[in-house]
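First up is the structure itself, then whatever we jot down about it.
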Amino acid sequence: MDRYERILSLHRILKSARYPVTVKRLQDELECSRATAYRDLAFLRDALMAPIMGDGEAGFRYDPNEGERFELPGLWLNSEELHALLAAQQLLSRTGGGVLSSALAPLQQRIEKLLEEHAPGKRWPVERVRVIPHRTRNMDEQVFRIVCSAVLERRQLHFDYRARSTDEKTRRVVSPQRITHYRGNWYLDAFDHDREALRSFSVDRIATARMQDVAAQDVPDAELNDHLAGSYGIFSGAPKGWATIVFNPKIARWVADEHWHSQQQDRFLPDGRFERKVPYSAPRELLMDILHYGPDAQIVEPASLREQMKSMLELAISAYEH
């Protein structure tokens, strides 16, 4: 364990300790000598101003009155955490993370410097983090910033919205509730004041966004979860039914490892097939996902969803007959 990791571990041990921690225990947990443990304690107390109390016999702990408030200054992470943070930064920058990747960019040099101190002479091989974007949409970064600010500052938002399904342009006044990242794209969950209802807006379809001085109206988390997360996919609304889909043995193991919904019910059938049940509201997204598996998936129920799938397949076939 290098010094950065020892200091971080020492801080965590003392912060969580209800009683004084002996030097022997610190030696064991930090995997260091007695002298090193004392040097790290001195550095934490004198250089980083940690509220350490105690002595070598009785042990050490943080002052109960100050320990809860004390945190290490700056960026103190172990090697694995630094690697994960850099990987996340690469992920965001290569998938068009926009404001998120640019917000992390100033940290990159600091993180790389800390990694170099962890392992002198070694370079972080960023080219080994490979991300292939899939079906992401172009988005106005300035709009994204305003939307995020309105969500976090709890202020109402005015914007023009052009629905993808109808291409109709409308003016919306909303109280932002959450910003949601789903399948590589961003959505705004908000209370629409004109329609007096919760709605989800695709951020890439928002234009001329302006944050207002009016406080946003908060919707209870339970209501948000029931309305926006209760059914399959990004489409809002309370579930209108449950779909039962059966996958053949060839594809069963892949589907079994996929997470579709927080309430999904899964089981393997005696013949090796795999059954999944999910709640859904608007069926289109669910149907499109099932189509992805072609002949390896079959909707068992409800009958109405089976008929919709049959109609979609017949239309698809007819397009190839002309």
Side-chain angles (χ1 to χ4, degrees), residues 1-95 97 99-131 152 178 181 221 225 256-259 262 266:
M1 191 182 295
D2 64 23
R3 192 184 189 199
Y4 276 95
E5 293 182 357
R6 286 202 316 274
I7 294 296
L8 180 59
S9 296
L10 177 59
H11 166 68
R12 289 173 174 169
I13 292 168
L14 296 178
K15 194 172 181 68
S16 62
R18 298 179 61 186
Y19 302 101
V21 182
T22 65
V23 173
K24 178 64 171 66
R25 178 188 160 190
L26 292 177
Q27 287 179 247
D28 293 340
E29 296 203 23
L30 301 177
E31 302 173 352
C32 67
S33 67
R34 184 180 181 85
T36 297
Y38 273 109
R39 280 198 299 272
D40 287 346
L41 282 164
F43 178 79
L44 190 60
R45 180 191 60 214
D46 300 334
L48 301 181
M49 308 301 289
I52 296 176
M53 300 173 56
D55 55 49
E57 297 300 322
F60 298 88
R61 63 174 297 190
Y62 279 165
D63 184 329
N65 297 319
E66 299 179 35
E68 285 295 321
R69 297 192 300 271
F70 175 73
E71 291 295 344
L72 291 177
L75 190 64
W76 284 80
L77 303 169
N78 63 33
S79 298
E80 290 80 7
E81 290 167 334
L82 287 168
H83 289 152
L85 189 56
L86 264 184
Q89 197 278 334
Q90 290 295 316
L91 172 68
L92 289 168
S93 64
R94 296 182 187 191
T95 56
V99 67
L100 297 182
S101 57
S102 61
L104 275 177
L107 288 174
Q108 185 152 351
Q109 287 187 338
R110 172 63 174 154
I111 296 168
E112 290 173 347
K113 184 174 185 298
L114 287 172
L115 277 173
E116 188 177 328
E117 293 174 4
H118 274 274
K122 291 186 178 180
R123 184 185 68 86
W124 169 249
V126 294
E127 69 280 359
R128 295 196 177 273
V129 179
R130 188 166 182 242
V131 180
L152 297 174
R178 294 190 295 216
H181 189 255
D221 285 342
N225 292 332
D257 289 335
E258 295 176 355
H259 177 80
S262 60
D266 297 338

- Task: Run the numbers on D40 and L26 for side chain to side chain contact (heavy atoms under 4.5 Å, CB included), then give the verdict.
- Result: CA-CA 10 Å; D40 287 346; L26 292 177; over 6 Å; no

- Evaluate the criterion side chain to side chain contact (heavy atoms under 4.5 Å, CB included) for residue pair H11 and Y62; output intermediate values, then yes/no. CA-CA 9 Å; H11 166 68; Y62 279 165; 2.9 Å; yes

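Scanning for side chain to side chain donor-acceptor pair (under 3.5 Å) contacts around D63 gives an empty result, with sequence neighbours left out.
Put simply, CG on L44 and CZ on F60 are 11.0 Å apart, with the number rounded to the nearest 0.5 Å. L48 CG to L10 CG: the interatomic distance, rounded to the nearest 0.5 Å, is 10.0 Å. If you take CG on L30 and CD1 on I7, they are separated by 8.5 Å, rounding to the nearest 0.5 Å. To the nearest 0.5 Å, atom CZ of residue R34 and atom SG of residue C32 are 11.0 Å apart.
Using modelled atom types, one finds a donor on one side chain and an acceptor on the other under 3.5 Å when comparing T36 with R39.
Under the side-chain contact (heavy atoms from CB on, under 4.5 Å) test applied with P51, the options R69, E66, R45, E68 reduce to a single match, E66.
Taking a cutoff of 4.0 Å between a charged side-chain nitrogen and a carboxylate oxygen, K15 and E71 qualify as a salt bridge.
Considering only heavy atoms from C-beta on, R25 comes within 4.5 Å of I13 through its side chain.
Here the shortest heavy-atom pairing between R61 and A17 reads NH2-O, 4.4 Å.
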